[in-house]
Amino acid sequence: MSAPSAAATLPFTGEFDLELTLTCGQVFHWRREGDAWLGAIGGAPCRVEQHGRELTVRGIAPGKAAHYFALDHPLDEIYASFPRDPAMAAALDACRGLRIVRQPWWECIATFITSAQKSVIHIAQISHMLRERYGARIECDFGTLHAYPEPAVIAALDERDLRACALGYRARHLLATARAVASGTFDLAEVAKLDDAAAHAALLRLAGVGPKVAHCALLFGFGRLTSFPIDVWIERILRTLYFAGKRRVTAKRLREFGAGYFGPFGGYAQQYLFHHARTTWPRGGRPALRPRRASRSAAPGAKAA
DNA sequence: CTCCAGGTTCCGG
DNA sequence: CCGGAACATGGA
């Protein structure tokens, strides 16, 4: 029952960079096929393609795609809210058009539980393996996709099944959280009703969800754009660029700084800083002493409005 | 081989 | 509240 899907054009105001949005480390299952990107949005298939300001989607209702890609986020206002400092300016310059998408709650939480101490590419491998083995198959005219496995499906598995997906010690956490959600002991819809602080506190009750993963879930799943996840990269960035020379900067201090300095859209600022550093700093992490000047500065402006 | 990866949990000061 | 150790696995 896969009728050829019609292509729809998604209008958007401001800037949008599809590739950046899908490869910046907020979501891990999209795959490139030629000029297009294929991925499931919840249980719906999506094929999306961008050529400049022309954004076309197939397989899913245009409105749902627009919501997922957060084409309504006011990027101009968001950028204007960023602090004006050299590090932020460089990150913004490198990441214009990156949007924080609205991931389904469960798959966002589950994915970030599996992300602990894993590289971005490995997180993607785990996500694909879980989807292919246990997720619902989605047949469509541009191929076969896989939804993220429902809580009840994972809840019914054995821990060894999950370890076979390269989850390591995270298997126990994902299993326990899946069971809590599947049984109704933990209600994600209730979390969505809470304010940021209460929602964060509630998520901490889930196995494998600590402060960082809870912030990722709030930012990438629940649309709480102020959430400021602090991972190893952000910690390096803050210590190196914002607390240079200061010794014994406590984790608490970094949290407070991150939650305040970057403003009401701190989550956006965080993602821009994260992606910029991760793609320009050497692995293991310090900025190049002589930051390589952007050799070609023409590209970013070309597709921008 | 060693080091590191979008951390969390548990345990002693 | 803070610092350390254990926890799995694969890529660079």
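Just so it is clear: chains get the letters A, B, ... in the order the sequence lines come, proteins before strands, and each one is counted from 1.
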Between atom [atom1] in [X] and atom [atom2] in [N], what is the gap in whole Å?
| X | N | atom1 | atom2 | value |
| --- | --- | --- | --- | --- |
| A/Phe274 | B/dA5 | CZ | P | 10 Å |
| A/Leu204 | B/dG7 | CG | P | 16 Å |
| A/Arg236 | B/dG7 | CZ | C1' | 13 Å |
| A/Leu203 | B/dT9 | CG | P | 12 Å |
| A/Trp233 | B/dG7 | CH2 | P | 11 Å |

A/Cys165 and its side chain to side chain contact (heavy atoms under 4.5 Å, CB included) partner, picked from A/Leu174, A/Leu157, A/Leu130: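 The single option meeting the side chain to side chain contact (heavy atoms under 4.5 Å, CB included) with A/Cys165 is A/Leu130.
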If the threshold is 4.0 Å, N to carboxylate O, is there a salt bridge linking [X] and [Y]?
| X | Y | answer |
| --- | --- | --- |
| A/Asp231 | A/Lys212 | no |
| A/Lys193 | A/Glu190 | yes |
| A/Arg172 | A/Glu159 | no |

Whole-Å P distance, C/dA8 and B/dC11: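 Per the computed distance, 15 Å lies between those P atoms.
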ILVMFWY network linking A/Met88 to A/Phe243, side-chain heavy atoms under 4.5 angstrom: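 Yes, one cluster joins them.
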Base versus backbone protein contacts along nucleotides 5-12 of chain C [heavy-atom cut-off under 4.0 Å; B, S, -]: --BBBSBB
Touch class at under 4.0 angstrom, heavy-atom based, for A/Leu206 against every strand present: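 Since only primed, P, OP1 and OP2 atoms lie under 4.0 Å of A/Leu206, the category is sugar-phosphate.
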Touch class at under 4.0 angstrom, heavy-atom based, for A/Gly25 against every strand present: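 Answer is base: heavy atoms of A/Gly25 come under 4.0 Å of a base.
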